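Below: one structure, written as structure tokens.
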Amino acid sequence: YDGLGDPAHQETIKADGDRQAMGLMEAYTDDLRPRPDIWFTYHLFYKAPDWIGPRISHGLGIPYVVAEVSHAPKRAGGPWDMGHRATQNAIAMTTLIVGFNESDAACVGDVAGKQTRMVTIPPFIDTVPYATAATERQTYRAMAAGQYDVSPAQPWLLTVAMMRSGDKLSSYRQLGQALSEVKNRPWHLFVVGDGEAKDDVRSVLAPIAEKVIWLGAQESETLPGIYAACDLYVWPSVREAYGMAFIEAQAAGLPVIGARVGGVPGVVRAPDTGILVEPDDMTAFAAAAASLLENDTARASMGQRAMSYAAQHHGLDQAARTLGDLLRDVVS
């Protein structure tokens, strides 16, 4: 991965990939390692192209399969031109591309080969830890109330997001704007996340500072309990691809409020499991928050539907069955 647009660093990465590909080819052809039926690469894009898979697939004559690939034509000729061209060439030789967001398909399809099959499947997580945590909601809520000295009698809102500049910071800014409109109501906002823009995040949430409980970065093992302890997940989702946290929140039984943008409508079944407003409409976002803050029954009912929906459509078992069928088709 090269995040700085440094051609020299990219050359170094490519050279390392070439060495690894040569070593693997020797091992496969000399029967030192079992010969694969498929090469499968996850998430290649211009900052992190695949320097190994295409060479192995071509050398062994096996299908090349990728998941969550993106193609950005605007990167041609820029500081990541090497990675852009490598990713474009890799896409062109794919047998199967598995995507999780329909909005990525157009640019990828433009450079895919005639032999390429493109399939979009729902994003997925292991929903079981979140559903299990939901059964212990009162325990987790009591623990959080004691640890953070916050009243369990008031609704708890939750946001889980990295703190970085760009779209994430814009989402935090919009969140502060929206919740400022309902700050006279009783509620608390738990914020999970950290990053280089954490000071900026604190600044944009300053208008509701007295309502915010900062949890910082959390290990993945602790997240289900945090979700389960809360009542409502809120995130304006500026330019969000689809938002895994929306799935996590629903899996734990939380209704969600977000924006109708990108792939978010594909993971939030509004109005059954949450409320989606138009992008940048923070007045509508605030109204949605107010409506759920004042109606415990509606919030709980929506949360139950959210948990069921996440398990049925975004769970690991369903995704494994779908992916297994696709890969068997490729092999046959």
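This is a predicted model, so every value here is computed, not measured.
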Residue pair [X] / [Y]: nearest heavy atoms and the distance that separates them:
{"X": "A67", "Y": "F40", "answer": "CB-CZ, 3.8 Å"}
{"X": "P271", "Y": "M302", "answer": "O-CE, 3.5 Å"}
{"X": "V182", "Y": "A290", "answer": "CG1-CB, 4.0 Å"}
{"X": "P79", "Y": "P7", "answer": "O-CG, 4.1 Å"}
{"X": "Y233", "Y": "L158", "answer": "CD1-O, 3.2 Å"}
{"X": "P155", "Y": "L293", "answer": "CB-CD2, 3.6 Å"}

Which value, rounded to the nearest 0.5 Å, describes the distance between [X] atom [atom1] and [Y] atom [atom2]?
{"X": "I121", "Y": "Q318", "atom1": "CD1", "atom2": "CD", "result": "9.0 Å"}
{"X": "D81", "Y": "Q10", "atom1": "CG", "atom2": "CD", "result": "9.0 Å"}
{"X": "I62", "Y": "I56", "atom1": "CD1", "atom2": "CD1", "result": "7.5 Å"}
{"X": "Q250", "Y": "M307", "atom1": "CD", "atom2": "CE", "result": "11.0 Å"}
{"X": "F45", "Y": "R75", "atom1": "CZ", "atom2": "CZ", "result": "10.0 Å"}
{"X": "L205", "Y": "I208", "atom1": "CG", "atom2": "CD1", "result": "5.0 Å"}

Quick one: are [X] and [Y] in side-chain contact, heavy atoms under 4.5 Å?
{"X": "V330", "Y": "R117", "result": "no"}
{"X": "R202", "Y": "V212", "result": "no"}
{"X": "D194", "Y": "Q218", "result": "no"}
{"X": "S332", "Y": "R328", "result": "no"}
{"X": "S165", "Y": "D200", "result": "no"}
{"X": "L4", "Y": "H9", "result": "no"}

Between [X] and [Y], is there a side-chain N and carboxylate O pair less than 4.0 Å apart?
{"X": "R321", "Y": "D317", "value": "no"}
{"X": "R19", "Y": "D16", "value": "yes"}
{"X": "E294", "Y": "R299", "value": "no"}

For the backbone of [Y] and the side chain of [X], can you confirm whether one donor and one acceptor N or O come within less than 3.5 Å of each other?
{"X": "S170", "Y": "G166", "value": "yes"}
{"X": "Q88", "Y": "Y46", "value": "no"}
{"X": "S57", "Y": "P54", "value": "no"}

Discussion item. Show, in sequence, the C-alpha distance, side-chain angles and deciding distance for R137 and D231, and conclude whether the salt bridge (Lys or Arg N to Asp or Glu O under 4.0 Å) test is met.
Written reply: CA-CA 10 Å; R137 166 182 159 79; D231 299 292; 2.7 Å; yes
Of T116, I91, T87, V66, the one forming a side-chain contact (heavy atoms from CB on, under 4.5 Å) with V108 is I91
Item to check | Residues Y227 and E248: side-chain donor-acceptor under 3.5 angstrom | outcome: yes
Assess the pair F246 and W235: is the distance between their ring centroids shorter than 6.0 Å?
-> no
Following the transitive rule for hydrophobic clusters with a side-chain heavy-atom cut-off under 4.5 Å over Ile, Leu, Val, Met, Phe, Trp and Tyr, establish whether V192 and V150 coincide in one cluster.
yes
**Q.** V111-L96 co-clustered via ILVMFWY side chain contacts under 4.5 Å
**A.** no
Practice item. Evaluate side-chain hydrogen bond (donor to acceptor under 3.5 Å, both in side chains) for Y309 paired with R269, printing each intermediate quantity in order. Key: CA-CA 8 Å; Y309 163 75; R269 180 169 285 177; 5.2 Å; no
In Y140, Y148, F190, W187, the residue satisfying ring-ring contact (aromatic ring centres under 6.0 Å, His included) with W156 is F190
> Under the salt bridge (Lys or Arg N to Asp or Glu O under 4.0 Å) criterion, do R33 and E26 qualify, and how do the steps go?
Replying inline: CA-CA 9 Å; R33 297 186 65 162; E26 291 178 1; over 6 Å; no
(message) Can you confirm whether more than 12 heavy atoms, excluding those of K47, are under 6.0 Å from its NZ atom?
(response) yes
D149 atom CG, neighbour heavy-atom count above 12 within 6.0 Å = no
